There are 2 protein chains.
Amino acid sequence: MPPTDPARAATLSDVAQRAGVSIATASKALNGRGDVAPGTRRRVMAAAEELTFTPNAMARGLLAGRTGTVGLLTSDLEGRFVLPILMGAEDAFGAGQVNVFLCDARGDAIREQHHLRALLSRRVDGIIVVGRQTDPRPSLGQELPVPVVYAYSPSDDPRDVSLTPDNHAGGRLAIEHLLACGRTRIAHISGDPTYAAAQDRVAGARAALADAGLDFVGEPLFAAWTEHWGRDAAAMLLERHPDIDAVFCGSDQIARGVLDTARDFGRDVPGDLAVIGYDNWEIVAANARPPLTSIDANLQQLGRQAAQRLFEAIDGVATESGTRRLPVRLVIRGSTIAHR
Amino acid sequence: MPPTDPARAATLSDVAQRAGVSIATASKALNGRGDVAPGTRRRVMAAAEELTFTPNAMARGLLAGRTGTVGLLTSDLEGRFVLPILMGAEDAFGAGQVNVFLCDARGDAIREQHHLRALLSRRVDGIIVVGRQTDPRPSLGQELPVPVVYAYSPSDDPRDVSLTPDNHAGGRLAIEHLLACGRTRIAHISGDPTYAAAQDRVAGARAALADAGLDFVGEPLFAAWTEHWGRDAAAMLLERHPDIDAVFCGSDQIARGVLDTARDFGRDVPGDLAVIGYDNWEIVAANARPPLTSIDANLQQLGRQAAQRLFEAIDGVATESGTRRLPVRLVIRGSTIAHR
DNA sequence: CTGTTAGCGCGTTCAA
DNA sequence: TTGAACGCGCTAACAG
């Protein structure tokens, strides 16, 4: 006998009726609670199977006071940085029976507020706010009935919990790698100087250079995070300072432009000139000629950690607030060290 | 007087109590239903405001038999094609008070089944299945209690509703553009030949060539969707058939590799050799030298349409089943037509 | 105009 | 071991 009405999802009472027991007994049998006679339990299970019974999570959540859902509030899905974070979070939650509401505010504060209301109305157990830059963003406030974790863009309120990549350490790491490769005449080309990312990376790089008693050759060049700018800046640089032996670039795209210009100038990479990028954007870095050494911000891991922190907060574990900067990682390819 | 317990979300009965009315009256006042005295309504609204009352969507859904949620079941978030579709769908739903559960199956059938159960348990009103290739995928089956729309990867069951880009038309469009540019000696380099996308595009291209009484110069070359393959294939091609005047590439990445090799061979693009890509992957196409003319599959639109179709199905509108192929679009940049 | 009543589907007492 | 009764938060009938 097939389900009565395939269009309507079966309910517990359907199962109970079919098994000839009460709703309460059916519930216990299915959830393994209380004492249920083995035979009864089997009958209930069979009935549930036949009806392809799927418990109604809403009804359950209504009772439990928890929904087992979280909201992912992103400011911009297009952004290259959001996706890996989202994957990491989805991954961490997926394992724990939690489902994710995805909301894209498209960088619009009104829309964000709208989505926030919707999420609260859905009674999500917590919210992760994913930004598209590492610059601080306005806090959602302290008055929310659920915990919030900020990922990538930290909140501007130190009472919030924020996770962001450590760009300062990334700048340092890049320079230390170049130094380890024997380079000493290092220049810097980066993106939009109003980005905290640009400032933090150059600061970290400068600190590392200072530790070695060095400084950049020429002033760091800032403009845009694009391949085009990388090409132009590299041309300026190679004309003005032909003696440089390495370029630290603020993004992989910039680095790729630099590689192009270096080739036009007849410079050999990495023999004559080492180039290091930032972000480890696989599609850009791995396909460059030569493949690009880069700094990876471990974004997927960041997403996982954000989920982890949110879990803790939901479970009432007191999480330390403030902005936590997560370690980054060096990915070595052919643009800084030659194959042998 | 602040909310009693900021940690706990306010309930309708809290509002009613504070306004000194019954729960039912509060409900009517807030939803604009029935006849409520203006003064009473104001008192209720004020109370709701003060408590930042947010109606519990679960309780509401339990009653209404609808949740106002849909599931987005993707096989692979990493994929470049999933994101725009997802954005389009999220966009279309966002306007209609619907929220989206995102589930990433990571290309694993078990995990997909798991997520499907979860979505049904959440009583989503419908599901969109987003694949990563245009090859047909196994149907989720006809027994589901909610409507399903397949996007990008069509279902292998014609009783399902599927939306996929028209790759055949894309291949045709690419060739017609090259012909319009006055090219006649056209070669083809594409990716993995086991992909339907590769086959459909080449078939469409061949049809367009045949209409003009032409055929490809040399046999189309298939291997991988990578820049690297594009470089290698172009080298082979330019050596064997130096007289070609255009290359139709199966992907933007391949095209980009072709551009690199053309430059190495001293060929002028587009003067001497026109190159057209596929996918219009902005980051790849726009940054190429010269910027790459490409075919855009309108994926965001596809996502919106999938949402639209799902809406209709949810509302009981009889949607025609089968696979619908959506039109693609030509994006002209500098690799096929020179600036003047 | 307002309040009382009856569920939506489920888990959890507590009697029987 | 089983089942009747209650309530999670809300809306839709009705009755007052």
Side-chain angles (χ1 to χ4, degrees), chain A residues 3-5 8-45 47-48 51-69 97 120-125 145, chain B residues 3-5 8-45 47-48 51-69 97 120-125 145:
Chain A
T4 324
D5 177 3
R8 195 180 64 80
T11 146
L12 184 57
S13 96
D14 295 340
V15 175
Q17 192 173 344
R18 190 188 185 86
V21 299
S22 76
I23 302 183
T25 304
S27 172
K28 286 180 213 156
L30 289 172
N31 297 315
R33 284 234 211 297
D35 293 300
V36 179
T40 310
R41 166 156 296 154
R42 267 203 311 280
R43 285 215 319 287
V44 172
M45 300 286 249
L51 297 171
T52 60
F53 167 71
T54 321
N56 186 325
M58 278 190 307
R60 202 177 246 175
L62 202 53
L63 221 31
R66 270 196 181 203
T67 56
T69 63
Q97 313 293 320
L120 293 179
S121 166
R122 301 265 179 222
R123 293 296 188 271
V124 292
D125 296 331
Chain B
T4 324
D5 179 2
R8 193 180 65 79
T11 148
L12 184 57
S13 96
D14 295 339
V15 175
Q17 192 173 345
R18 190 188 184 89
V21 298
S22 77
I23 303 184
T25 305
S27 172
K28 287 181 214 156
L30 288 172
N31 296 317
R33 286 236 211 296
D35 292 299
V36 180
T40 309
R41 167 156 294 154
R42 268 203 309 280
R43 286 215 318 289
V44 172
M45 300 287 250
L51 296 171
T52 60
F53 168 71
T54 321
N56 187 325
M58 281 189 306
R60 206 176 244 177
L62 202 52
L63 220 30
R66 273 198 179 205
T67 56
T69 62
Q97 312 292 320
L120 293 179
S121 166
R122 302 265 179 222
R123 292 297 186 271
V124 292
D125 296 331

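Keep in mind that the numbers below use all heavy atoms, side chains included, and drop hydrogens, waters and symmetry copies. Computed from a prediction, not measured in an experiment: that's the story for all the values here. Letters go in sequence order (proteins before strands), and every chain restarts at 1.
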*asked:* Return a single string for nucleotides 2-7 of chain D, one symbol per nucleotide in 5' to 3' order, where B is base contact, S is sugar-phosphate-only contact and - is none, cutoff 4.0 angstrom on heavy atoms.
replied: BBB--B
*Which listed nucleotide (dG9(C), dT11(D), dG11(C)) is nearest to the side chain of Ser27(B)?*
dT11(D)
*Given atom CZ of Phe53(B) and atom C1' of dG9(D), what is their separation to the nearest angstrom?*
8 Å
*Return the value, rounded to whole Å, for the distance between atom CG of Leu51(A) and atom C1' of dC10(C).*
16 Å
*Find the distance Leu62(B):CG to dA12(D):P and express it as a whole number of Å.*
13 Å
_Under 3.5 Å: donor-acceptor pair, side chain of Asp125(A), backbone of Thr67(A)_ = yes
*From the options Val36(A), Asp35(A), Val21(A), select the one residue that forms a side-chain contact (heavy atoms from CB on, under 4.5 Å) with Lys28(A).*
Val36(A)
*Would you check if Pro55(A) and Leu30(A) make a side-chain contact, meaning some heavy-atom pair closer than 4.5 Å?*
no
*Ignoring backbone atoms, establish whether Arg60(B) has a side-chain N or O less than 4.0 Å from OP1 or OP2 of dT11(D).*
yes
*Report the distance from atom CG of Leu30(A) to atom P of dT12(C), rounded to the nearest whole Å.*
13 Å
_What does the 5'-to-3' dot-bracket notation of DNA chain C look like when only Watson-Crick and G-U wobble pairs under 3.5 Å count, and pairs to other strands show as |?_
|.||||||||||||||
*Considering non-hydrogen atoms only, spot the tightest contact between Arg18(A) and Ala47(A) and give its length.*
CD-CB, 3.7 Å
*From Thr69(B) OG1 over to Arg122(B) CZ, what is the distance, rounded to the nearest 0.5 angstrom?*
9.5 Å
*Any Ser27(B) side-chain heavy atom under 4.5 Å of Leu12(B) side chain*: yes
*So, for Phe53(B) and Thr11(B), which heavy atoms are closest and what is the spacing to 0.1 Å?*
CE1-C, 3.5 Å
*Looking only at side-chain N and O atoms, does Asn56(B) come under 4.0 Å of OP1 or OP2 in dC8(D)?*
no
